[in-house]
**Q** 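Below is one structure. I have some questions about it.
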Amino acid sequence: MVTDLEMIKAIMVKECYSTFTNRRKRTTGLAGPFADGIIMVKDDRWKRMRSTLSPYFTSGRLKEIFPIAVTHADRFIKNMQKKDEQPVKVKEYV
């Protein structure tokens, strides 16, 4: 686990294209729309998809989303607390 902020920046931003392509090993392929997902594609196709998606995840945009995520997380926690520690199917609540 990496906790140094400068190292995280180097890994996720600076060296992402050159050093960390194709780092996920997959044993089986996915079908349908998931087969073309960013976690499945490789090489130049991955680079192209990442450069297309990256502008949507700027710090400013993530800051806009944060209050919405907090609201829904709080609602989820309240719903789970109502269940009195009985087993639940989380998929139904997510």
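Owing to the predicted nature of the structure, the values given are computational and were not obtained by experimental measurement. We count residues from 1, following the sequence as given.
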**Q** At what distance, to the nearest 0.5 angstrom, does CD1 of I65 lie from NE2 of H72?
**A** 11.5 Å
**Q** Find out whether K47 and D43 are in side-chain contact, i.e. whether some heavy atom of one side chain is under 4.5 Å from a heavy atom of the other.
**A** no
**Q** Under 4.5 Å between side-chain heavy atoms, counting indirect links through other Ile/Leu/Val/Met/Phe/Trp/Tyr residues: same cluster for V70 and I77 or not?
**A** no
**Q** Out of curiosity, Y56 OH to L62 CG, how far, rounded to the nearest 0.5 Å?
**A** 14.0 Å
**Q** Identify whether W46 and L53 are in the same connected component of the hydrophobic contact network (ILVMFWY, side-chain heavy atoms under 4.5 Å).
**A** yes
**Q** State the CE-CD1 distance between M7 and I11, to the nearest 0.5 angstrom.
**A** 6.0 Å
